[in-house]
Amino acid sequence: MGMMALIRQVYHDAKWYGEGNSKTKDLSLESFNANKNLVQIFYAGDILSKLRASKIGKEFGVNYIIKGSGDEFEKIEEIKKTGATYIVPLDFPVAYDVSDPYMAQQVSVTDMRFWNQAPFNLKILAENNVNFVLTANDNKDPKDFLANLRKAVKYGLPKEKAIAALTETPAKIVNQSSLIGTLNKGSLANFLIVSGDIFDEKSTIHENWVQGNRNILDKIIQDDIRGNYDVTFNNMTFEVKISGELDKLEAKVSKDSIDFGTKLTYNEPWVTLVIKTKDTVSNSYYRLTGTKNKTFLEGKAVLENGKETTWTATKKEVTDKKEEKKDDKKEDDKVPEMIPVLFPNIAYGNAVKPKQETLLFKNATVWTSEKEGILTETDVLLENGKIKQIGKNISVANAKVVDATGKHLTAGIIDEHSHIAISKGVNEGGQNSSAEVTIEDVVNSDDINIYRNLAGGVTSSNLLHGSANPIGGRAAFIKLKWGYTPDEMLVKDAPKYIKFALGENVKQSNWGGGRFPQTRMGVEQVYEDYFSRALEYKKEWANYNSSKAKKQSSTTFLISKWKY
């Protein structure tokens with residue numbers, strides 16, 4: 001609440017200061033006004049805070065770039081309506097260890113749902129044409145970024161959208177599209193060289209060029225010399241199998257079913273192969289150096305006695321089918337189905353967002369709480385969320401009929417003093433009056449207590465600020481609509497309330513602190529002071545409006561006389 005009020009106050013103060021109303025200098029407001037036309041990035045966090053950021057931005061004509069938290073899919077319709085660009089982290093939750101049944105019970109349904117759904121977030125953003133860029137900001141290990149990007153693509157994020165989120169879109173945000181983000185003529189020479197599709201786990205990033213400067217990450221090897229060869233020199237033929245990764249090749253040498261120690265190096269096009277001789281009591285070697293030609297290797301061989309000869313290696317076709325192993329798709333590679341998003345996306349959420357229907361309750365016992373008293377075997381018709389008719393034998397063609405025989409129907413309970421459904425604290429108690437804050441800014445539509453209160457018959461709640469200070473914040477009157485957003489829960493035309501408090505809390509009896517007041521008499525003085533100031537302020541406005549009206553009346557008379 002305090003954060004929202006402070007942001008709002010800064011905008012108001014900056015506008016007032018910018019219009020030349022201040023008689024003193026404020027460097028902070030001057031700096032704020034000087035930079036207000038730059039790109040505005042708002043670090044919001046959770047899904048509801050993102051909606052709040054967008055709302056307060058629109059209130060002051062600012063379209064924030066919003067740093068998110070990877071949960072945008074949970075309220076994708078509302079996210080889409082914000083029209084904002086989102087900075088989305090690529091930090092997916094790891095699978096929970098549920099091997100221990102007791103420990104598995106400690107994992108919440110909400111966390112399990114998010115683990116399943118989070119990798120689909122970017123796919124859903126792309127499908128709904130929400131602008132987004134990607135960040136490694138939340139990754140504990142930088143290596144996770146590319147791995148999670150590939151995972152997001154595997155889970156349905158289109159590759160072109162993934163590339164755009166790393167190139168064109170961020171370039172547009174910082175107004176640098178003419179220099180970065182593309183491979184157009186005149187752009188900075190920033191690009192990657194990859195062995196294949198960058199989203200393929202088998203691909204390797206070889207080089208990263210920044211403004212024309214080459215950074216070699218993994219040396220490019222054009223030719224793949226892996227395979228089985230017959231190596232011939234000095235009237236001997238060895239079987240050589242070259243395998244391993246391209247940047248870390250290995251060789252296995254054998255002859256007459258005997259394996260020889262060996263070492264292989266390949267620095268294109270040069271090949272060096274060292275083979276230990278069969279003499280087990282001495283360290284004697286054959287040293288082969290040469291180059292790769294079109295279909296074979298060849299070069300010079302130095303024997304164990306120092307004499308030189310030539311050698312050739314001819315590649316063999318693979319005929320042993322047993323060696324060809326099919327890569328069965330690993331269990332980890334399979335893309336699971338996404339668990340449907342609930343409204344809200346936690347335990348007991350609705351599979352479908354509830355909609356108003358025409359409902360007809362038949363044969364209920366109706367407690368009217370009015371002069372009619374209790375009506376038995378009575379029908380109640382609802383249309384557009386309101387009671388349309390009460391009586392006997394009501395019939396409506398398009399109504400959904402609910403058999404209420406044996407059931408009692410009463411007016412819904414209104415909770416006049418509630419602290420449920422409030423995000424990040426019910427109190428803003430740093431000062432003795434926090435009238436500038438409002439609960440309407442911080443309604444938490446995902447609070448499980450909404451569901452529980454509905455189960456107890458509560459239909460509406462007056463959400464009050466806490467009792468940490470004599471004059472608290474303004475209240476929010478809400479309808480308990482489980483699965484709807486905070487704005488949809490607010491009763492727009494409800495009277496406005498503010499929380500006042502007395503007693504031990506406001507003078508900090510049980511929790512310390514040095515803020516005034518510290519006594520009951522001090523609490524009384526707070527009210528005396530603030531109400532006196534309020535009356536004076538009201539009087540100043542009355543005098544100002546009165547003088548302004550007189551001035552306008554006089555001006556109108558003079559203009560009219562002149563026109564006449």
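The basis for the numbers below is simple: all heavy atoms, side chains too, and nothing from hydrogens, waters or symmetry mates. As the structure is a prediction and not an experimental result, all values here were calculated from the model.
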Colleague: Between K362 and D403, is the closest basic N to carboxylate O distance under 4.0 Å?
Modeller: no
Colleague: Judged by modelled atom types alone, do Y11 and E59 share a side-chain donor-acceptor pair under 3.5 Å?
Modeller: no
Colleague: Looking only at the side chains, is there a donor atom on one of N345 and Q117 sitting less than 3.5 Å from an acceptor on the other?
Modeller: yes
Colleague: Does a side-chain N-to-carboxylate-O contact under 4.0 Å join D138 and K67?
Modeller: yes
Colleague: Compare every heavy atom of F361 with every heavy atom of L382, then report the nearest pair and how far apart it is.
Modeller: CD1-CE1, 3.7 Å
Colleague: Using a strict 4.0 Å threshold on nitrogen-to-oxygen distance, state whether E78 and K353 make a salt bridge.
Modeller: yes
Colleague: Would you find a donor on one side and an acceptor on the other, under 3.5 Å apart, between the side chain of R474 and the backbone of K496?
Modeller: no
Colleague: V10 and L29: which non-hydrogen atoms are nearest, and at how many Å?
Modeller: O-CD2, 4.3 Å
Colleague: As a test of understanding, state which of V437, N432, T438 forms a side-chain contact (heavy atoms from CB on, under 4.5 Å) with S434.
Modeller: V437
Colleague: If you define the side chain from C-beta out and look only at heavy atoms, does anything of V130 sit under 4.5 Å from E72?
Modeller: no
Colleague: Within the structure provided, determine whether L90 and T135 are in side-chain contact (heavy-atom separation under 4.5 Å).
Modeller: no
Colleague: Are the side chains of N453 and W482 in touch, meaning some heavy atoms are under 4.5 Å apart?
Modeller: no
Colleague: Can you tell whether the side chains of E127 and K123 come within less than 4.0 Å, N to carboxylate O?
Modeller: yes
Colleague: Measure across N63 and G83 and return the closest heavy-atom pair with its distance rounded to 0.1 Å.
Modeller: ND2-O, 3.9 Å
Colleague: Considering only NZ, NE, NH1 and NH2 on the basic side and carboxylate oxygens on the acidic side, decide whether K159 and D200 come within less than 4.0 Å.
Modeller: no
Colleague: May I have the step-by-step check of side-chain hydrogen bond (donor to acceptor under 3.5 Å, both in side chains) for T485 and S445, ending in yes or no?
Modeller: CA-CA 6 Å; T485 64; S445 57; over 6 Å; no
Colleague: Go through the steps for L360 and V380 under the test side-chain contact (heavy atoms from CB on, under 4.5 Å), then give the verdict.
Modeller: CA-CA 6 Å; L360 177 59; V380 179; over 6 Å; no
Colleague: Salt bridge check: are K81 and D487 linked by an N-O gap of less than 4.0 Å?
Modeller: no
Colleague: Does the ring center of Y348 lie less than 6.0 Å from the ring center of Y451?
Modeller: yes
Colleague: Taking K202 first and then D197, would you say they form a salt bridge - that is, a charged N and a carboxylate O separated by under 4.0 Å?
Modeller: no
Colleague: Going by an N to O cut-off under 4.0 Å, is there a salt bridge joining K154 and E201?
Modeller: yes
Colleague: Would you check if S461 and K479 make a side-chain contact, meaning some heavy-atom pair closer than 4.5 Å?
Modeller: no
Colleague: Does the side chain of S108 come under 3.5 Å of the side chain of D111 through a donor N or O and an acceptor N or O?
Modeller: yes
Colleague: Between the main-chain N or O of S28 and the side-chain N or O of S31, is there a donor-acceptor pair closer than 3.5 Å?
Modeller: no
Colleague: Does any non-hydrogen side-chain atom of M103 lie less than 4.5 Å from one of D97?
Modeller: no
Colleague: Verify the distance criterion only: is there a donor paired with an acceptor across the side chains of D446 and N444 at less than 3.5 Å?
Modeller: no
Colleague: Closer than 4.0 angstrom, basic N to acidic O: yes or no for K55 and D441?
Modeller: no
